[in-house]
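A single structure is presented below for examination.
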2 protein chains.
Amino acid sequence: MATIKDVAKLANVSTATVSRVLNNNGYVNKDTKERVTRAIRQLDYRPNDIARSLFKGKSKMIALFVPDIMNPFFPELARAVEDITNKHNYTFVLCNTDDDLEKEITYLNALQQKSVDGFIIVSSNLKEDYLHNMNAPVVALDRIVSKQLSSVTVNNRESAREATNYLKAIGCKRIAHICGPDYAMNTLERLGGYLDIVKKEKWFLSSYVVSGEYNYEKTIAVTKELLTNHPEIDGIFAANDKMGVGVIKAAEALGVKIPEELAVVGFDGIAMGETTTPSLTTMEQPIYDIGAQAAKLLLEHIHDSNRSIEQVNLKTKLIERDSTRKRR
Amino acid sequence: MATIKDVAKLANVSTATVSRVLNNNGYVNKDTKERVTRAIRQLDYRPNDIARSLFKGKSKMIALFVPDIMNPFFPELARAVEDITNKHNYTFVLCNTDDDLEKEITYLNALQQKSVDGFIIVSSNLKEDYLHNMNAPVVALDRIVSKQLSSVTVNNRESAREATNYLKAIGCKRIAHICGPDYAMNTLERLGGYLDIVKKEKWFLSSYVVSGEYNYEKTIAVTKELLTNHPEIDGIFAANDKMGVGVIKAAEALGVKIPEELAVVGFDGIAMGETTTPSLTTMEQPIYDIGAQAAKLLLEHIHDSNRSIEQVNLKTKLIERDSTRKRR
DNA sequence: CTGAAAGCGCTAACAC
DNA sequence: GTGTTAGCGCTTTCAG
């Protein structure tokens, strides 16, 4: 690999001059510039980014923390972040944290040692304290709430209300909710939205809320139990699509007809919901957009340390599919 | 951020000594070591990896190229690579290439400038020529064939034969094949395996092979057409699960009963195949294992430039589900 | 307009 | 055992 010195020697100039033409700054005579450019081409010279990083104290890398890329919500998010990141000549680092605080901290430290310029984080554990005294900006996604941090989220509570109201509107009389794990902010908000609507109904029972823990198998099990104990339930709002699909599978196993006997609404809008039979009605999140906006926001923070904190709130959209539609 | 100099000053030693205790090499007196350790702790000092990288010419980063992380085959692969990578204190860079040669080359160059230590590549475009004069090792996955490169693949041809034979065994008399795009090596091999079995059958027609181009919508369209033109078809082998699910959806739309009137086998073993109704029988690839082995192999090449080229070939496994099972 | 030189933070000879 | 020093490859004052 040729270095800047080789180029300088070949072009008969100093390394400073080469650097100037490389970065297109400072005055440099047209002819010498030409000579340098030729030398660069001739040697197929590419500047060493590590050396640049050392000098600048920046690496042109940004990292995304997700619990697990195998969870179908995250690939689209990752794709969005990578697209924006790449367009701005940043390198994209992906970290699976398993929602484990220790792993998250280890990553945070390791990546700061590598001078990573910024972080986009989906986490249930990382609180302000950990994130506060970092030298790189952070954008929080989906689960973290802190006035100190820029973030991109959807209005989980309102969306959950909308989903629940929709089930009422299509004629459901007893609506249950499958919630996620209680450590996740987003699932608590969705539960809250559901409760906003149903808690004053005379029919409402606290046993209408069960936890599927964002887990497919677990959801099938708890839904079977729920429907067996409460055959009167004719509508279920699941806090995400993975669990919504679980509900469909549980109903299928029990011989409960969807949507005639049971209407189901999920949350997220992942592709899997389109391929089930019946397909799953869902509150679709603008996943790509969430990622893209987060990445843009982060880049702004990186380029301008005075960029003000901003909490972006995006809208969900009800996608009607067969798990409710025929009921209308 | 404290530097090695700060530590040296505080501990009253030279930076060399600090470096020695940091890297645990060279002799250093127990007491001074203690002093240095204390200073490190006191300043909360972390070595700057960029500086280390500059010196060593290595970055402790490895990159994975995939066409698109949103394609459900790749998250599990990425997860495996990241797990291994992380365990060995490497940083994991993810690149979506869209199977576009230009993007691939841009990435290759950009990452080499960052001294990325190695690459794992899923590509249909990158041939030996591009990969040959690189200064970092490459492991090819899934699609590239070259005697010059270590690789991890499954035996596509044999697996396709097995899938086709299985359809015959459960009683299918006319078996069609939905293949992928013709630029992808793996899909051509699967087509080859299918043909190995059926081409000498008297009933075989070349119109029994149609391309779904690894695309869900497209597959639904071509399958409808295929089944309409050839109602005698009672078995379909799809070159991947995404297309297999498309076949199920097309049959559903046409009122063709699966598996009674049509048996379907996919390829890959992605989660989506479990949630359809009926669930999709498939030739499951050991996706995680493919990624893990590739990562290990790459690490070996990184640590030992004389590591011999190795072509690892993994086995697929038939997973029987409802799209064929009830037929037995 | 161009070059000399210092320095980003760290490691590894090489001395003592 | 420990310190001195010369880089790794680049950018940027500061002179001229």
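Remember, it's a predicted structure, so these values are computed and weren't measured experimentally. In what follows, chains carry the letters A, B, and so on, assigned in the order in which the sequence lines appear, proteins first and then strands, with residues in each chain numbered from 1.
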Taking B:K60's backbone N and O only, do any of them form a donor-acceptor pair with B:D117's side chain (distance below 3.5 Å, no angle check)?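 Yes: the side chain of B:D117 pairs with the backbone of B:K60.
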Distance in angstrom units between B:L54 CG and C:dA12 C1', rounded: 14 Å
Do the side-chain N or O atoms of A:K5 get closer than 4.0 angstrom to the phosphate oxygens (OP1, OP2) of D:dC10? no
Give A:S19 one of three labels, base, sugar-phosphate or nothing, depending on what nucleic acid heavy atoms sit under 4.0 Å from its own. base
Is the count of non-hydrogen atoms from other residues, nucleotides or ligands lying under 6.0 Å from B:K103 atom NZ greater than 12?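 More than 12 within 6.0 Å, yes.
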Under 4.0 Å from OP1 or OP2 of D:dG3: is there any side-chain N or O of B:Y27 that close? no
Shortest side-chain distance from A:K56, nucleotide among D:dG9, C:dG9, D:dT11: D:dT11
Would you indicate which nucleotide in D:dC8, D:dT11, D:dC10 comes nearest to any side-chain atom of A:N23?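 Closest nucleotide among those given: D:dT11.
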Donor-acceptor side-chain pairing of A:Y183 and A:D99 below 3.5 angstrom: no
How close or far is atom C1' of C:dA13 from atom CG of B:N25, stated in whole angstroms?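 The distance from CG of B:N25 to C1' of C:dA13 comes to 12 Å, rounded to the nearest Å.
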Round to the nearest Å and state the distance from B:I50 atom CD1 to D:dC8 atom P.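 Rounded to the whole Å, the gap is 18 Å.
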Starting from P on D:dT2, measure out to NZ on B:K30 and report it in whole angstrom.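 Result: 13 Å.
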Stepwise side-chain hydrogen bond (donor to acceptor under 3.5 Å, both in side chains) check, A:Y130 with A:N125: CA-CA 10 Å; A:Y130 298 107; A:N125 313 298; over 6 Å; no
Considering only side-chain heavy atoms of A:R52, which listed nucleotide, C:dA4, D:dC10, C:dG9, is closest?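 Nearest listed nucleotide: D:dC10.
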Whole angstroms only, please: what is the CG-C1' distance between B:N48 and D:dC8?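 Going from CG in B:N48 over to C1' in D:dC8 covers 13 Å.
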In terms of side-chain geometry, is the basic nitrogen of A:D98 or B:R79 positioned less than 4.0 Å from the acidic oxygen of its partner?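 Answer for the salt bridge query: yes.
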Hey, does B:T32 reach any base, or is it just sugar-phosphate, or nothing, if we go heavy atoms under 4.0 Å?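 Sugar-phosphate contact only.
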Contact under 4.0 Å: B:K33 side-chain N or O vs D:dT2 OP1/OP2: no
From C-beta outward on B:F55, which listed nucleotide comes closest to its side chain: D:dC10, C:dC10, D:dT2?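 In terms of side-chain proximity for B:F55, the closest of D:dC10, C:dC10, D:dT2 is C:dC10.
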Looking at C:dT2, I'd like to know if its phosphate oxygens (OP1 or OP2) sit under 4.0 Å from a side-chain N or O belonging to A:T17.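 No.
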Please report, rounded to the nearest Å, how far the P atom of C:dT11 is from the CG atom of B:N24.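 It works out to 12 Å between those atoms.
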Calculate the interatomic distance between B:I40 atom CD1 and C:dC10 atom P; express it in whole Å.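 These atoms are roughly 10 Å apart.
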Roughly, in whole Å, what's the span from CE in B:M1 to C1' in C:dC10? 15 Å
Kindly point out which of D:dT2, C:dA12, D:dG9 is positioned nearest to the side chain of B:V28?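 For B:V28, the side-chain atoms sit closest to D:dT2.
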Below the 4.0 Å mark, does C:dC8 have OP1 or OP2 next to a side-chain nitrogen or oxygen of A:K58? no
Among C:dA13, D:dT11, D:dG9, the one nearest B:A16 by side-chain distance: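 Nearest to the side chain of B:A16 among the choices is C:dA13.
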Give A:D6 one of three labels, base, sugar-phosphate or nothing, depending on what nucleic acid heavy atoms sit under 4.0 Å from its own.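 Contact class for A:D6: none.
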Decide yes or no, distance alone: a donor-acceptor N/O pair under 3.5 angstrom between the base of C:dG3 and the side-chain of A:R20. yes
Between B:N29 and A:T15, just flag the one whose closest nucleotide in DNA chain D comes earlier from the 5' side.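 Mapping each residue to its closest nucleotide by heavy atoms, the 5'-most match is B:N29.
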NA contact type, A:V13, heavy-atom cut-off 4.0 Å: base, sugar-phosphate, or nothing?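 Here A:V13 touches the backbone only, sparing every base.
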Using modelled atom types and a 3.5 Å cut-off, is there a donor and acceptor pairing between side-chain atoms of B:T97 and backbone atoms of B:V66?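 Here the side-chain-to-backbone pair exists.
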